[in-house]
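The next block holds one structure in the form of structure tokens; read it before the comments.
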Amino acid sequence: MNYKIVTDSSSNVLSMEGTDYATVPMKIVAAKEYVDDANLDVAGMVEDLKQHKGKSGSSCPNVGEWLDAFGDAAYVFGVTITKYLSGSYNAAKQAARTYMEEHPDRKVFIFDSLATGPEMMMMVDKIRECEASGDDFETTKAKVLEYHNHLHTLFCLESMMNLARNGRVSIAAAKLAGVLGIRVAGDAEGGEITPVHKPRGPRKTTQALVEMIKERGFYDGALLRVAHCFAEDAAYALRNAILAEFPNTRFILERTTALCSYYAEVGGLIIGFEGGFNTKNDNTKF
């Protein structure tokens, strides 16, 4: 069975070979609008935003953009950024309803990742694995929901000002990041951002992240996927620290595109990984 997979661009992966895959762009709105697609100069956007003193924000794909991305596929799976950060999930759900009303013989299911970036792509890869195994639509949906129960997302940020400006964290919490080398490490489980540690300096930050990953049931041979916003050294420091304790870790490193770069800001990491049962991702209700 062949599936069309569609994500919004907060997945950080805008194209994929060998898979019927599409992304719908998020947008960053400041002095001008930045469309999160393959044509965008992310480094240029980040530099522009450093100089921008006014308001900024993000906007999600609309229903029509999701419908266009579905194309004429008979079976579609969508994966979105958490509904707690964006309206993308609700727009995708509405598009799915419209699509199936217009094409009663077709199926669409939208997964709310309750995260962003790496965890979204881990779900995408699980869909691809099911497709390669010949699983039918309902079996694939069930397997991905079960897999999602064991995924986790952490973040490590040097600045949280864009999150604060958009009401995602408090101004007080945001002011701590970047002061005297303080980072903020936390989780985004259940779709909500929660600062947990405020380590000072790169070494202590890496140690804090490793402990948080272990606490959430990471195991040798599990997948660790890291998206970085111009922070490759920090990403590799985390990789090396994890490999020292879990030598069979599967590691994927990628850069953030526009939406995740906007919220993670320069120096930020978004970390998705396999671990123990995540009660905040509990999909048993489906």
Side-chain angles (χ1 to χ4, degrees), residues 6-15 22-70 78-95 110 112-121 153 155 157-175 177-178 184 186 188 191-193 195 227-231 254-270:
V6 184
T7 71
D8 60 53
S9 60
S10 68
S11 65
N12 295 315
V13 177
L14 304 181
S15 62
T23 58
V24 286
M26 309 286 282
K27 300 176 182 69
I28 308 302
V29 183
K32 63 179 182 180
E33 183 178 82
Y34 303 89
V35 179
D36 193 0
D37 62 19
N39 298 314
L40 180 66
D41 174 8
V42 176
M45 181 201 79
V46 168
E47 190 58 36
D48 288 350
L49 292 173
K50 282 183 184 178
Q51 309 305 320
H52 180 67
K53 303 303 181 185
K55 293 181 179 180
S56 63
S58 61
S59 65
C60 69
N62 60 40
V63 172
E65 289 173 307
W66 279 101
L67 283 169
D68 288 344
F70 295 165
V79 184
T80 77
I81 187 174
T82 169
K83 60 177 172 285
Y84 296 105
L85 276 181
S86 169
S88 186
Y89 175 71
N90 289 332
K93 288 278 285 185
Q94 179 58 53
I110 307 298
D112 177 1
S113 73
L114 294 171
T116 191
E119 189 167 331
M120 293 172 65
M121 289 310 301
T153 290
F155 63 84
L157 307 178
E158 292 186 6
S159 172
M160 299 175 70
M161 291 313 299
N162 285 338
L163 284 166
R165 289 187 185 111
N166 287 272
R168 312 307 185 190
V169 297
S170 71
I171 293 291
K175 285 182 177 179
V184 173
E192 299 188 80
I193 295 170
H228 72 92
C229 183
F230 302 99
E254 59 211 8
R255 290 183 177 181
T256 53
T257 57
L259 190 283
C260 286
S261 294
Y262 175 69
Y263 283 117
E265 301 189 56
V266 172
L269 303 178
I270 304 172

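Worth knowing before you read on, the calculation uses all heavy atoms, side chains too, and leaves out hydrogens, waters and symmetry mates.
Contact annotation: the side chain of Thr82 never approaches that of Thr116 to less than 4.5 Å [non-hydrogen atoms, C-beta and beyond]. You'll find the side chain of Asp112 stays beyond 4.5 Å of the side chain of Lys93, heavy atoms only. No side-chain heavy atom of Arg255 sits less than 4.5 Å from a side-chain heavy atom of Val42. Residues Thr153 and Pro118 are not in side-chain contact: their nearest non-hydrogen atoms beyond the backbone lie 4.5 Å or more apart. For the pair Glu158/Val184, no side-chain contact is recorded, criterion being any heavy-atom separation below 4.5 Å from C-beta on. Side-chain contact check for Val79 versus Ser11: every heavy-atom pair is 4.5 Å or farther apart. For the pair Leu40 and Thr257, the minimum side-chain heavy-atom distance is 4.5 Å or more. Side-chain contact between Met26 and Ser59: absent, with no pair of heavy atoms (C-beta onward) separated by less than 4.5 Å.
The minimum heavy-atom distance between Ser113 and Thr80, with the atom names listed, is OG-O, 2.8 Å. Across Trp66 and Ser88, no two heavy atoms sit closer than the pair CZ2-OG, 3.3 Å. The shortest heavy-atom contact between Val24 and Glu65 is CG1-O, 3.3 Å. Pairing each heavy atom of Ala91 with each of Val63, the nearest pair is O-CG2, 3.7 Å. Considering all non-hydrogen atoms of both residues, Ser10 and Cys260 come closest at O-SG, 3.3 Å. Here the closest non-hydrogen pair linking Thr256 and Ala227 is CG2-CB, 3.9 Å.
The structure places CD1 of Ile110 at 10.5 Å from OG1 of Thr7, a figure rounded to the nearest 0.5 Å. Distance check, rounded to the nearest 0.5 Å: NZ of Lys32 to CE of Met45 gives 10.5 Å. Atoms OG and CG, on Ser261 and Asn12 in that order, are 7.0 Å from each other to the nearest 0.5 Å. The CG atom of Leu67 lies 9.0 Å from the CG atom of Asn62; values are rounded to the nearest 0.5 Å.
A donor-acceptor contact closer than 3.5 angstrom links the side chains of Tyr263 and Ser58. Judged by distance alone, the side chains of Tyr262 and Asp36 never bring a donor and an acceptor atom under 3.5 Å apart.
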Take Ser9 and Leu14, measure what side chain to side chain contact (heavy atoms under 4.5 Å, CB included) needs, and give me the verdict at the end.
-> CA-CA 6 Å; Ser9 60; Leu14 304 181; 3.8 Å; yes

Show your working on side chain to side chain contact (heavy atoms under 4.5 Å, CB included) between Met120 and Asp8 and close with a plain yes or no.
-> CA-CA 9 Å; Met120 293 172 65; Asp8 60 53; 3.5 Å; yes

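Between Tyr34 and the options Asp41, Asp48, Leu259, a side chain to side chain contact (heavy atoms under 4.5 Å, CB included) holds for only Asp48.
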